[in-house]
Each structure stands twice: as C-alpha cells, then as structure tokens.
Amino acid sequence: MTSAIRRSPLVATAPYPPEFAELYRGAGYWTDETFAQFLPARTERFGDRVAVIGADARGEQQRLTYRDLDESAARIATGLLELGITAGDRVVLQLPNIVEYVEVLCAVFRIGALPVFALPAHRSAEIGFFCRFSDAAAYVVAAENGGFDYRGLARDVVADLERPPHVIVAGDAAEFTPLAELRAHEPAPAADLDSGAVAFLQLSGGTTGTPKLIPRTHADYLYSVRESARICGVDADTRMLVVLPAAHNFPMSSPGILGVLHSGGTVVLAPDPSPDTAFALIESEKVTMTSLVPPLAMAWLAARPRSDRDLSSLQVMQVGGAKFPAEAAKRVHPELGCIVQQVFGMAEGLVNYTRLDDDEDTIVTTQGRPISVHDEIRVLDDDDRPVAPGETGHLLTRGPYTIRGYYAAPEHNSTAFTPDGFYRTGDIVRVTDTGYIVVEGRAKDQINRGGEKVAAEEVENHLVAHPAVLDVAVVSMPDQYLGERTCAFVVTEGEPPKALALKTFLRERGLAAYKIPDKVQFVDAFPVTGVGKISRVELRRALAATLRD
Ligand code: OOB
C-alpha cells in the first residue's frame with residue numbers, strides 16, 4: 001500500500017544565521033550526529049543493556065534491550081516506508097507512556113520523517129489542527145488509554161481533513177493500520193540526513209489563538225540532550241522513571257528519555273502518575289531519577305508517610321514546568337531522601353538547571369542556570385531596556401538550542417523574536433549575582449495549570465463561537481494545588497447560559513480537557529486599560545479578591 005498523496009516539503013523555517021551556526025559548530029556543540037543514527041550508534045555500544053521497561057498497548061509488561069528497541073524501530077521504519085511515508089514527512093505522534101512510544105519515535109527518526117509531538121490529552125480541535133497545519137502523512141495513536149478510545153478521535157479527525165493522514169494504531173486497530181503490521185518487515189537502514197535540518201516539531205505552550213509548532217534541528221536538540229545528561233549526572237546506571245507525558249519536552253530531553261538512551265541507561269515508563277504506581281516502580285525497578293511538575297512533587301510528599309515502599313534507590317527528583325515553591329523544595333531531601341533539582345525550561349529551547357552539587361539555598365530558591373555559556377540571557381524592562389543587575393524584568397534569550405522562529409508563523413515571529421534573534425519568553429525573572437534565574441511571574445497571556453500550559457486566546461476563540469457569548473477574557477486564578485487554574489470572564493447577549501453548558505460546548509468542539517475553564521464568571525462588562533484594552537490584570541485582581549472573601 002502506498003500513499004496516493006504526495007506531501008509538500010516542510011516550509012523553510014527561520015534558520016540560524018551562518019555566523020551563529022559556525023560559532024556553535026566551532027565550539028563543538030553542533031555535530032554531524034542525527035536522530036536517524038542516534039539509536040543505532042547507542043545499540044553498538046550498549047546492545048544488551050535494558051533500554052526501556054514499561055507496558056505495551058495491550059497492557060503486557062515489556063523489557064526491551066537496546067538491540068530489541070533498535071530492531072523494532074528498524075522494522076517499523078520499513079513499514080512506514082511501505083505506506084509511502086518518507087524522509088521529511090510529518091507524523092503526528094499521540095501515544096501514552098507505553099513502549100510503543102519509544103519504538104515508533106525511533107522508527108520515525110530512522111527514516112528521517114518528522115514527529116509532531118501531540119499529548120494524550122489532546123482532542124479533535126488540537127489533533128485536527130496539527131494534522132492540517134503540518135500536512136501530516138501519518139497519525140499514530142494507541143487504541144485506547146485511560147478509558148479513552150483514540151480510534152474514535154482518529155475517525156473524527158480524519159473525517160474533517162481534505163488530506164487525511166494514514167492512521168496507525170498500537171493495539172486493536174479496528175479499520176486502521178495496525179502497528180503490528182508495520183513490524184512484520186525486514187529492518188530498514190538509517191537515513192542519511194543533514195544534522196542542521198529540522199528533526200521534529202514540538203508544541204509550544206502558546207499564547208496565541210492557534211497553537212504554534214516549534215521546529216528543532218538534530219544538531220541543536222542533540223546538543224541540549226548531551227549537555228543535559230552530563231549536567232544531571234546521567235550515565236549507563238541511570239534508571240529514569242517517566243511519569244509525565246513522554247512527548248513533553250521535559251521528560252523527553254531534559255535530560256529525559258533521550259538523555260538516558262544517549263547514556264546507555266534504562267527508561268522506566270509509568271502507566272499513570274499516581275504516587276502509588278510510581279513508588280511501586282521505584283522499589284521494583286530501583287529507579288534512580290525522575291522528573292515531575294510541582295503538583296506531582298507535592299502529591300509524592302503527601303503520600304510518602306502512608307507508603308512503606310523502599311525509595312532508597314532514588315537519587316534525584318527533578319521538578320519543573322511551573323514554579324516549585326521554596327517551602328516545598330526544602331522538604332524533598334528530608335522527606336524523600338533524594339536531591340531536588342529545579343528545571344526551568346521551554347520547548348522553544350533554553351533550559352536551566354540547579355546543579356546537583358549546588359548549596360541548599362540555591363537549589364530551593366532558584367530555578368537554575370542555563371545549560372550553556374553560549375545561552376545569552378537578557379532581562380529587559382517594558383520598554384526593552386536592560387534592567388539593573390538583580391532587578392526583575394522580561395526574560396529574552398538566544399543560544400545554541402533556542403529556535404529563531406516558529407514553524408510557518410512569520411507574523412507571530414516578528415513580535416515573539418527581536419530582530420537580532422532573541423526569543424521573548426514571556427517570563428518575568430531576575431538573575432542572581434551568581435547567574436541563577438529566579439522566575440518571578442509571567443507577562444504572557446498563558447495560564448500554567450501545574451505545568452500544563454493554556455493559551456488564553458485559544459480558549460477565548462472557542463468560547464466566542466457560542467451564540468450567547470458576546471465577549472470573553474480568560475485569565476489565571478491562584479490555586480493551592482495547581483498553582484493556577486483558569487477562569488473565563490464572559491459577557492453574554494441576554495440571559496447567560498449555564499456555566500456547565502459553556503464547558504460542554506468547549507468539550508464538544510474537541511478542546512483538550514485541561515483547557516476547559518475551571519470557573520466561568522458572567523459579567524456585564526470588562527474593566528479596560530487606559531487605551532481601551534481589556535485589563536487582564538484588573539480581572540485577575542478582582543478574581544483574587546473574590547477568592548479571598
Ligand atoms: C516546560 O516547557 P513548556 O514549553 O511547556 O513551557 C515553558 C514555560 C516557561 O516559559 C515558563 O513560563 C514555564 O513554562 N516554566 C516554569 C518553570 N519551568 C517552566 N516557570 C517557573 N518555574 C519553572 N521551573 O515547561 C519545560 C521544558 C523543558 C524542561 C522543563 C520544563
């Protein structure tokens with residue numbers, strides 16, 4: 001079976017200027033290695049070691065050596081080629097933390113196709129957009145996970161697309177192509193690729209009406225993976241528990257799954273994020289390291305006293321994705337017996353780590369320092385002027401693994417990046433005299449629900465589609481557990497609908513559950529700023545006041 005449709009090549013994305021590419025190559029940061037050869041090269045060195053432990057789509061427990069994983073990836077690669085999927089094609093990957101995730105990822109890399117990393121929580125609004133916008137040649141799902149049938153989602157998505165992708169299913173495939181069928185092939189050789197080319201498209205947490213896709217190159221991403229592994233002490237004895245969704249940048253590359261595979265260690269996939277499941281796996285698999293968002297770290301701290309599991313193998317708990325309060329960070333070592341490492345990163349590039357041998361004060365009160373001496377950091381005031389050292393301001397960054405532009409978004413790029421290529425992170429930070437970053441807040445219209453990012457405008461766009469809604473503003477409200485939750489202020493035409501009806505409306509439009517507002521508040525009008533824009537600051541303040549009452 002071959003694809004009838006020829007996909008367009010990837011639209012050229014903002015590349016690094018030649019003088020920077022030269023600098024990063026000259027410094028040895030960017031090498032010729034690509035993700036196509038990544039696993040084959042590790043297999044030569046670590047062949048018989050266990051690479052991945054976890055359940056498969058059918059719930060069977062699997063332990064794959066590097067050789068097993070490479071063999072699977074090479075066979076699936078041939079299966080993909082047989083479907084007509086070739087180098088440069090985009091493949092939307094939406095798999096939970098099952099072994100097939102790693103197998104398919106390595107297979108897609110092997111043929112030089114580009115994964116587009118969807119999250120298991122995404123629904124038809126997001127997946128339809130990713131498929132359309134990236135002109136995807138394939139969409140890979142698990143039949144079912146966490147009580148949700150992804151084949152139904154695939155049906156909805158495919159029905160709406162002019163150029164539907166091949167749907168490949170791990171587990172019972174129904175009318176779609178079974179992943180098992182792709183495996184029934186002879187292994188394919190690894191593609192020969194340029195390491196400066198785009199390797200995949202990662203998702204941005206986003207601030208805009210439609211999600212943005214992040215083009216990362218082989219050379220820039222592999223540099224961050226190698227350095228992250230070194231900074232975080234990952235080696236062949238590392239056994240990393242992956243609790244967060246595997247496709248997110250943090251568990252994937254900071255140092256994550258790729259950092260562990262780079263080093264010959266073992267990835268242990270957790271089927272769910274509960275402390276009970278995680279503690280049992282730490283004990284049985286002698287896990288040494290894990291990465292969590294703050295609410296999960298808090299849940300582990302709360303669960304520890306009622307568990308008698310042996311967690312003594314755990315050496316490092318990374319916490320990132322959202323601010324981890326110092327009071328909580330302080331408790332990790334005494335109560336869980338491991339070092340805490342704060343990670344402040346972004347899928348666009350820049351990642352900061354507290355170092356494992358930093359003093360306690362630095363570890364609990366800062367969000368770390370950059371990976372690279374070539375990560376350029378600017379802290380600017382509202383008029384783009386540098387603040388005095390140690391003062392708070394907007395964080396901008398440029399460096400050897402930070403993008404110069406989003407995929408096919410020239411208009412947004414013109415404001416999200418400065419003319420000299422600095423990325424405006426939207427984070428408000430200060431830099432200590434030792435060069436560590438403290439995150440103090442956020443200037444972007446995004447809600448950080450315990451690490452899950454919600455773009456205000458995206459939710460607003462869906463809400464205004466409701467016939468009774470005149471205007472809407474989505475803002476964050478403080479929350480003890482998640483740090484923030486989402487509140488939609490809504491102005492209606494006539495009698496307001498029930499809040500529940502609006503939430504159902506969003507769900508029916510295929511929006512991921514984590515983007516559905518936690519609270520809907522009907523108002524007569526919005527407070528406005530001096531120039532007549534909706535004042536989100538004022539809305540947040542009013543909300544905080546009502547929550548206190
Ligand atoms: C990670 O990546 P994204 O792309 O989901 O989100 C990036 C944004 C940052 O701009 C910042 O607003 C927030 O998430 N953030 C933090 C944080 N880590 C991320 N805010 C405060 N403290 C932290 N430690 O979230 C991500 C990517 C790679 C590694 C770790 C996290």
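Counting convention: from 1, in listed order, for ligands and their atoms alike. FYI, the numbering just counts along the sequence from 1.
Residue contacts with ligand 1, taken as heavy atom pairs separated by less than 4.0 Å, do not involve Ser204 at all. Residue-level proximity to ligand 1 for Asn448 is carried by the side chain, the only part with a heavy atom below 4.0 angstrom. Contacts between Ser254 and ligand 1 below 4.0 angstrom, taking non-hydrogen atoms only, involve the side chain exclusively. At a heavy-atom cutoff of 4.0 Å, ligand 1 is contacted by both the backbone and the side chain of Met346.
Between atom 11 (C) of ligand 1 and the options Val438, Thr397, Asp427, Ile428, the minimum heavy-atom separation is to Asp427. Between atom 7 (C) of ligand 1 and the options Gly426, Gly205, Ala443, Gly345, the minimum heavy-atom separation is to Gly345. The residue from Gly368, Ser228, Gly321, Pro251 that puts a heavy atom closest to atom 13 (C) of ligand 1 is Gly321. With Gln446, Arg442, Gln342, Lys323 as candidates, the residue nearest to atom 22 (N) of ligand 1 on a non-hydrogen basis is Lys323.
Atom 24 (N) of ligand 1 has as its closest protein heavy atom Val343 O, 2.8 Å. Counting only heavy atoms of the protein, atom 3 (P) of ligand 1 lies nearest to Lys453 NZ, 3.5 Å. At the shortest separation from atom 23 (C) of ligand 1 among protein heavy atoms lies Ala322 O, 3.4 Å. Looking from atom 4 (O) of ligand 1 to the surrounding protein, the closest heavy atom is Ala347 N, 3.0 Å.
Atoms of ligand 1 found under 4.0 Å from any heavy atom of Gln367, numbered from 1 in the order shown, are 22 (N), 24 (N). Every atom of ligand 1 with a heavy atom of Asn249 under 4.0 Å away is listed here by number and element: 27 (C), 28 (C).
With no hydrogens or angles considered, a side-chain donor-acceptor pair links Tyr221 and Ser253 at under 3.5 Å.
By the 4.0 Å heavy-atom criterion, His248 is counted among the residues contacting ligand 1.
Residues Ile428 and His394 form a side-chain contact, since some pair of their non-hydrogen atoms from C-beta on lies under 4.5 Å apart.
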Stepwise ring pair (Phe, Tyr, Trp, His ring centres under 6.0 Å) check, Phe133 with Tyr407: CA-CA 10 Å; Phe133 190 57; Tyr407 170 64; 5.3 Å; yes
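Contact check on Asp220 versus Arg404 returns no salt bridge, with no Lys/Arg side-chain nitrogen under 4.0 Å from an Asp/Glu carboxylate oxygen. Remark: Glu457 does not engage Arg536 in a salt bridge, criterion side-chain N to carboxylate O under 4.0 Å. Ion pairing between Asp358 and Arg369 fails under the 4.0 Å rule for side-chain N and carboxylate O. Salt-bridge formation is not detected for the pair Lys330/Glu327: no Lys NZ or Arg NE/NH1/NH2 atom is positioned less than 4.0 Å from an Asp or Glu carboxylate oxygen.
The shortest N or O to N or O distance between Glu348 and ligand 1 is not under 3.5 Å.
Looking only at distances, no side-chain donor or acceptor of Arg331 sits under 3.5 Å from a matching main-chain atom of Glu335.
Between His218 and Phe35, the ring-plane angle classifies as tilted under the 30° and 60° cut-offs. In this pair, His412 and Tyr406 present their aromatic rings tilted. The plane angle is within the 30 to 60° band.
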